[in-house]
Amino acid sequence: TVGGTVSVKANGNYVAGLVGFNKGTIDNCTTNVNVTRDSTSTSAYTGGITGQNNGTIIRCYNGGAVKGVIAGGIAGYQSEATSSISGCYNAGAISCPQGNLASGTGGIVGKTNKTGYVYNCINAGVIESESTLAANSYVGGIVGRTTKNTATPTAAFFNNLRSEER
């Protein structure tokens, strides 16, 4: 179990409560870390467990709040065809407070690319986007934004979804 606060104001790619960039396997971990990424970069990935997942995440829990342009309760970004997230649970609030940037805000993953998988995950956290342009705000209870034929999440349950145009 990991707890505390991570706050980054510089431009960089991967910020998370446990691992910035995952290429291996993360199994059975718990984070209660509040992660804030103050950046204007649309390649700034922020997650409760990992900023970017190119590997496997199994049976993990996030209870901390996550804020960033591309933000997810488990992973900010998932980008490999063989990457997967399964059996994970998010209870933390996920938000994108970054104005008019193209965001991806999701309870489990902020943005997925290629054909990565999300299986049997639950989001119980509040999801918010404060994008000033509705066309740039991608918000989802499980995945905020999918591109390039991403696999459909299976057996995913969520509540407390909110997106506001300001």
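Residues T105 and S129 share a closest heavy-atom pair of OG1-CB, 4.4 Å. When all heavy atoms of G87 and C121 are compared, the closest pair comes out as N-SG, 4.0 Å. Shown here for N113 and Y77, the closest heavy-atom pair between the two residues is ND2-OH, 3.0 Å. Counting all heavy atoms, side chain and backbone alike, L18 lies closest to C29 at CD2-SG, 3.6 Å. The minimum heavy-atom distance between N53 and T56, with the atom names listed, is OD1-N, 3.8 Å. Minimum heavy-atom separation, Y61 to N32: CE2-OD1, 3.8 Å.
In this structure the side chain of N34 never reaches within 4.5 angstrom of the side chain of K67, judged on heavy atoms. Looking only at side-chain heavy atoms (C-beta outward), V35 and V15 come within less than 4.5 Å of each other. At a threshold of 4.5 Å between non-hydrogen side-chain atoms, the residues I85 and V109 count as touching. Two residues are said to be in side-chain contact when any heavy atoms from C-beta on lie closer than 4.5 Å; V118 and V143 meet this criterion. The closest side-chain heavy-atom distance from C60 to I26 is below 4.5 Å. Side chains of I57 and C88 form a contact here, defined as non-hydrogen atoms less than 4.5 Å apart.
To the nearest 0.5 Å, atoms OG (S84) and OH (Y119) are separated by 7.0 Å. Summarising the geometry, atom CD1 belonging to I94 is positioned 5.0 Å from atom CD1 belonging to I127; distances are rounded to the nearest 0.5 Å. Atom CD1 of I108 sits about 5.5 Å away from atom CG of N90, to the nearest 0.5 Å. Within the model, atoms CG of N123 and CD1 of I142 stand 5.5 Å from one another, a figure rounded to the nearest 0.5 Å.
Looking at Y45 and N13, their side chains never bring a donor and an acceptor atom within 3.5 Å of each other. Residues T31 and N62 have side chains that bring a donor and an acceptor to within less than 3.5 angstrom of each other.
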message: side-chain contact (heavy atoms from CB on, under 4.5 Å), that's the test. Do I70 and R37 meet it? Break it down for me.
response: CA-CA 9 Å; I70 307 292; R37 178 56 185 278; over 6 Å; no

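Both V19 and V2 belong to a common hydrophobic cluster when Ile, Leu, Val, Met, Phe, Trp and Tyr are linked at side-chain heavy-atom distances under 4.5 angstrom.
Listed for the N22 side chain is no donor-acceptor partner under 3.5 Å among the backbone atoms of T50.
Judged as a side chain to side chain contact (heavy atoms under 4.5 Å, CB included), and not counting sequence neighbours, the contacts of N54 are F21, K23, Q52, S79, E80.
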